[in-house]
Amino acid sequence: MAEVLSAPKGTYDILPEDQPLRRWVISRAEEVFQRYGYSRIDTPMFEETRLFSRGVGESTDIVRKEMYTFTDLGGRSMTLRPEGTAPVARAYVEHGMHTLPQPVKLYYHCAMFRYESPQSGRYRQHYQLGVEAFGSEAPEIDAEVIGVLAALYRELGLEGLELRLNSMGCRECRPAYGSALRGFLTEHAGDFCGECVERAHLNPLRTFDCKVPTCRAALEAAPRLTEHLCSACAAHHARVQECLAVQGISFGADHTLVRGMDYYTRTTFEFQSSLLGAQSGVGGGGRYDDLVEAIGGPPTPGVGFGTGIERILLALARSGVTSPTPRRPLVYLVALSAEARGEVFALAHDIRSQGVVADLDYMTRSVKGQMKQANRSGARYAFIVGEQELAEGTVTVRDLMSGEEKCLPKTEAVTVTITDPIDV
RNA sequence: GUGAACGUAGCUCAGGUGGUAGAGCACUGGGUUGUGGCCCCAGCGGUCGCGGGUUCAAGUCCCGUCGUUCACCCCA
């Protein structure tokens, strides 16, 4: 026997029994996205590596140590998509979508790849639902994007969610804040861990990610970005909050919310679930007004979010939301003898040709075994064919709920299942 | 990359201080010769993650390795 292989670390199979709930989440999401005017886009599973190093940012963990990068046979450096925004932005530019009426509102559902060590709600291949709106810098669209995500969570029945909101400022005001923060960090260097002191030079905003208690305490006194916003950013931030209120969305201001992509400007947000544990972020995003330009397109503002399907599913499970019942065969065909098997096979073909769901035994099971299969398949009817039916050209139709049986001519048997209105 | 726990039939798990494996579920057949759901009986199914070591003897002890889970980090 050959060695049994398993799915690669951090990946998993989505088995038939897992499909209904997952399909339900995805279809609900698509319905919500379309209701808000977003259209689906699919981009390739891999892109040129430069798209991510330029778009997501060289200083991010994603680019520095989490990408599945390989050289193709043509010597080009390619990377399995680690996030959704940069590829969609690339498509926006490549297809000249800036000539369309703005904003251009897109959504996606696809797999993302990151080389991380797996744990609860964290995988090397995971799936995200996301939306991106390009071309408008109106604060209303920030609020709409957050509203879309809130609507999705609400309609899925997710509980225990908290929205955290922040503003990252823009290229006008952030540099000034950055140096102010850097100044504070070097002044109080003794209060911070070694890593934070390093961060102070590379990207001072990242110190807010630090979990060391003493660092967090010391940061309490640090200057806050929301207090250093330029007037335009401050006005934008204020208007976003007004528009959230209009939608009845509550949030908590979190000046330490610095997300993992370098491209964020102004609005950043994240929905956190109390049901999830360490990976509490269910979904999040923000505004990225400099991204399109950074990857070679015309200066174009944008805002979007990504939300992880695994985390939604995890939170749903912990909210007690159960899977919708899967569609089952309506008719299960049972052959009472070896001779009847041929007839049953032909009959199955006829039934299926008429659009009726049918299934039958291919394991030469005993009659009892076939009936058992019929029962477990969830079929409403068993079509039973034996010597007598064979001779008469009939089929015994057994209602598996009531146990009632009647013998009908073959042609009539099928119409019974079609005309009889039954919820399957 | 770091730390901890775990790794026995398809699944969930038993297997005190070492003596060459069990249960439940699932699957297949049968319970008087053409019929399911409950019940009963039987059967199928494991080189105890993998590789070393200690021992007369290891699923059971030691080391390594891979994997899973949880946490750090980061994020979805």
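Sequence lines set the chain letters: A, B, ... in the order given, protein chains first and strands last, and positions in each chain run from 1.
Atom CG in A:Leu333 sits about 17 Å away from atom P in B:G36, given to the nearest Å. The separation between A:Met401 atom CE and B:U35 atom P is 23 Å, rounded to whole Å. Atoms OH (A:Tyr12) and P (B:G67) sit 19 Å apart, rounded to a whole Å. What separates CG of A:Asn375 from P of B:A26 is a distance of 13 Å, to the nearest Å. Taking atom CG of residue A:Leu314 and atom C1' of nucleotide B:U69, one finds them 13 Å apart after rounding to whole Å. In this structure, CZ of A:Arg64 is placed 10 Å from P of B:C74, rounded to the nearest angstrom. In this structure, A:Leu336 atom CG and B:U35 atom C1' are separated by 7 Å, rounded to whole Å. For A:Glu387 and B:U33, the CD to P distance is 16 Å, given to the nearest whole Å.
Annotation: B:G49 and B:C11 have their P atoms spaced 13 Å apart (nearest Å). When the P atom is compared between B:A14 and B:U55, the two are found 31 Å apart, to the nearest whole Å. Rounded to whole Å, the P atom of B:U28 lies 15 Å from the corresponding atom of B:G36. Separating the P atom of B:C27 from that of B:G37 is a span of 12 Å, rounded to the nearest Å. Taking atom C1' in both B:C6 and B:C48, the straight-line distance is 15 Å, to the nearest Å. Going from the P atom of B:C62 to that of B:U54 covers 15 Å, rounded to whole Å. Remark: the separation of the C1' atoms in B:G45 and B:A4 is 34 Å, to the nearest Å. A gap of 10 Å separates the C1' atoms of B:C56 and B:G19, to the nearest Å.
A:Glu159 and A:Tyr153 are not linked by any side-chain donor-acceptor pair at a separation below 3.5 angstrom, with hydrogens and angles left out of the test. There is no side-chain donor-acceptor pair under 3.5 Å between A:Glu48 and A:Ser77.
Looking only at side-chain heavy atoms (C-beta outward), A:Glu270 and A:Leu257 come within less than 4.5 Å of each other. For the pair A:Glu310 and A:Arg122, the minimum side-chain heavy-atom distance is 4.5 Å or more.
In this structure, A:Val334 reaches neither bases nor backbone, as no heavy-atom distance under 4.0 Å exists between it and the strands shown. A:Glu389 comes within 4.0 angstrom of a base, heavy atoms only. Using a 4.0 Å heavy-atom distance criterion, A:Met261 is classed as a sugar-phosphate-only contact.
With respect to A:Glu116 and A:Arg124, no salt bridge is recorded, no charged nitrogen being found less than 4.0 Å from a carboxylate O. Salt bridge absent: A:Asp350 and A:Arg352 never bring a charged side-chain N and a carboxylate O closer than 4.0 Å. Using a 4.0 Å cut-off between charged nitrogen and carboxylate oxygen, A:Glu412 and A:Lys406 do not count as a salt-bridge pair. A salt bridge does not link A:Arg81 to A:Glu83: none of the charged nitrogens lies less than 4.0 Å from a carboxylate oxygen.
Side-chain proximity of A:Arg376 to B:C27, B:G36, B:G30: nearest is B:C27. Set against B:U35, B:C73, B:U68, the side chain of A:Asp61 has B:C73 as its closest nucleotide. Of the listed nucleotides (B:G36, B:A76, B:G34), B:G36 has the atom at the smallest distance from the side chain of A:Met371. Side-chain proximity of A:Arg365 to B:G34, B:G29, B:G36: nearest is B:G29.
Remark: the A:Lys368 side chain and the B:G31 base include a donor-acceptor N/O pair separated by less than 3.5 Å. Residue A:Glu66 places no side-chain atom within donor-acceptor reach of the base of B:G1, judged by atom type and a 3.5 Å distance cut-off alone. Interface remark: the A:Arg311 side chain does form a donor-acceptor pair with the B:C75 base, using a distance-only criterion of under 3.5 Å. Contact of A:Glu405 with B:U35 (side chain to base): a donor-acceptor pair of N or O atoms is detected under 3.5 Å.
A residue-by-residue look at A:Gly283 and A:Gly10 shows that A:Gly10 has its nearest nucleotide of RNA chain B further toward the 5' end.
For the OP1/OP2 pair of B:G29 and a distance below 4.0 Å, the side-chain nitrogens and oxygens of A:Ser366 include at least one atom meeting the criterion.
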Review point. Given Watson-Crick or G-U pairs with both distances under 3.5 Å, what dot-bracket string fits RNA chain B, with | for other-strand pairs and [ ] for crossing?
Key: (((((((..((((........)))).(((((.......))))).....(((((.......))))))))))))....

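Applying the salt bridge (Lys or Arg N to Asp or Glu O under 4.0 Å) definition to pairs two or more places apart or across chains, none involves residues 8-18 of chain A.
In summary, the aromatic rings of A:Phe33 and A:Tyr107 are positioned with their centroids under 6.0 Å apart.
No cation-pi contact links A:Arg311 to A:Phe271, judged by a cut-off of 6.0 Å to the six-membered ring centre and 45° from its axis.
Within residues 109-131 of chain A, the residues that place at least one heavy atom under 4.0 Å from RNA chain B are, in residue-number order, A:Arg114, A:Glu116, A:Ser117, A:Gln119, A:Ser120, A:Gly121, A:Arg122, A:Tyr123, A:His126, A:Gln128.
Looking only at distances, a side-chain donor or acceptor of A:Thr265 sits under 3.5 Å from a matching main-chain atom of A:Asp289.
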